[in-house]
Amino acid sequence: MAASTRRPVIIIAGVGNGTGTGGWTAREFIKHGYKVGLIARDEGNLRSLADELKSLGGEAEHFAVSAYDYDQIRVAVEYFKQQFAQDEIRAALWNVTQGTRKPFLEMTRSDIQAVTEADIIAGFAFAQEIIKIFKTLEPNEYGKRGFLAFTSATGARRGAPNCTVTATGKFAVRGLSQSLAKEFKFDDIHVSHAIVDAMILTEMWRKHYGDEWYAEKTKDETSRVHPASIARAYVYLAQQDRSAWTWELDLRPSHESWTW
Ligand SMILES: *[C@@H]1O[C@H](CO)[C@@H](O)[C@H](O)[C@H]1NC(C)=O
Ligand SMILES: *[C@@H]1O[C@H](CO)[C@@H](O)[C@H](O)[C@H]1NC(C)=O
Ligand SMILES: *[C@@H]1O[C@H](CO)[C@@H](O)[C@H](O)[C@H]1NC(C)=O
């Protein structure tokens, strides 16, 4: 098959049930001609998101993991390599978060282990497998072999009470992403770290605060981030040419309080 007929693919790890950043990134990249590979923990959620994407005219494959860990992430990426052998995996998003909020002295060994395994070690495995794939490709129309993004939060730059474990994971991922951006720049591999400094409007918050609150927030785009807007920022990053690459992106709604 000629290289020009190959379609770009984005692999998204951390899709949840498709109502948040991972799911919207899939919807947005499909609009831009990408096929998608989805990784999450619930097979049923993955299947319904994949079906929805197919109904939008997209092509989607999915892989369920029982946990975000080193071995399962490697198997998942290998699976997509086979599934998309006729296409080109050109973009990848690590959107896994394993946070726990509580006082430090109540944190347990399993709390710190969970963050270490999911955010750091599985994120490391994902980046390694994805970069190996990118290195086999020629630069695309934007002059890059591939684009790898990490979704992150304010906690990547600023610790806070009750956030010891969450911030530790986020600081680590920020360090990983910056080191990768530097190590692979001459391979034309673009790595970004996106700090989302606000509430992301998802079903989780609708459950928490109720339908009325959700309807208000849906109307008032100045006070929350819509995951589709984050997804559009990822499309923009993926399309940046080599004369201006963003490593760190910082997103907040227009009226955010800037509490840090
Ligand atoms: C995706 O990233 C967002 C923002 O950090 C986070 O709230 C969400 O929990 C992540 N999804 C998963 C499945 O970890
Ligand atoms: C930390 O968590 C405890 C227990 O949930 C809570 O009482 C306290 O207000 C929290 N501290 C901050 C600064 O949020
Ligand atoms: C999606 O997942 C979130 C976070 O786990 C949950 O709060 C929400 O209720 C789920 N929404 C649906 C429609 O299943």
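When a ligand or atom number is given, it counts from 1 through the structure's own listing order. Note that this is a predicted model, so its numbers are computed, not measured.
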All N/O donor-acceptor pairs, side-chain side in residues 51-59, below 3.5 Å, sequence neighbours left out:
from	atom 1	to	atom 2	distance (Å)
Glu52	OE1	Arg27	NH2	3.1
Glu52	OE2	Arg27	NE	2.7
Ser55	OG	Glu52	O	2.6
Glu59	OE1	Lys35	NZ	3.3

query = Is Lys170 close to ligand 1, meaning an N/O of one under 3.5 Å from an N/O of the other?
reply =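 Among all N and O atoms of Lys170, none is under 3.5 Å from an N or O of ligand 1.
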ask   = Which atoms of ligand 1 are found less than 4.0 Å from any heavy atom of Thr151?
value =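 Near Thr151, meaning under 4.0 Å from one of its heavy atoms, ligand 1 has 2 (O), 4 (C), 5 (O).
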query = Should the heavy atoms of other residues, nucleotides or ligands under 6.0 Å from NZ of Lys217 be counted, would the total exceed 12?
reply =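 Atom NZ in Lys217 is packed in, count exceeds 12.
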ask   = Where does the angle between the aromatic ring planes of Trp205 and His208 fall among parallel (under 30°), tilted (30 to 60°) and perpendicular (over 60°)?
value =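 Aromatic pair Trp205/His208 classed perpendicular.
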ask   = Mind checking whether Val96 has a heavy atom under 4.0 Å from ligand 1?
value =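 Yes.
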message = Does Lys170 form a side-chain hydrogen bond (donor to acceptor under 3.5 Å, both in side chains) with Thr97? I'd like the steps, not just the answer.
response = CA-CA 9 Å; Lys170 293 291 175 210; Thr97 287; 2.9 Å; yes
request  = Compute the ring centroids of His190 and Phe147, then answer whether they are less than 6.0 Å apart.
outcome  =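 They qualify: ring centres under 6.0 Å apart.
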ask   = Is it the side chain, the backbone, both or neither of Asn95 that has a heavy atom closer than 4.0 Å to ligand 1?
value =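 Both of them.
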Step-by-step side-chain hydrogen bond (donor to acceptor under 3.5 Å, both in side chains) determination, Tyr234 to Thr151 = CA-CA 10 Å; Tyr234 286 147; Thr151 306; 2.8 Å; yes
key: Side chain, backbone, both or neither: the part of Ile200 lying under 4.0 Å from ligand 1 by heavy atom   =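 Answer for Ile200: side chain.
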inquiry  = Distance check, rounded to the nearest 0.5 Å: Phe80 atom CZ versus Ile39 atom CD1?
reply    =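 Rounded to the nearest 0.5 Å, the CZ-CD1 separation comes to 5.0 Å.
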Criterion side-chain contact (heavy atoms from CB on, under 4.5 Å) on Tyr214 and Leu201, from CA distance to verdict = CA-CA 8 Å; Tyr214 189 85; Leu201 190 68; 3.8 Å; yes
inquiry  = Please output the residues near ligand 2 using a strict heavy-atom distance under 4.0 Å, listed in chain and residue-number order.
reply    =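 Only Pro103, Pro161, Asn162 have heavy atoms that fall under 4.0 Å of ligand 2, ordered by chain and number.
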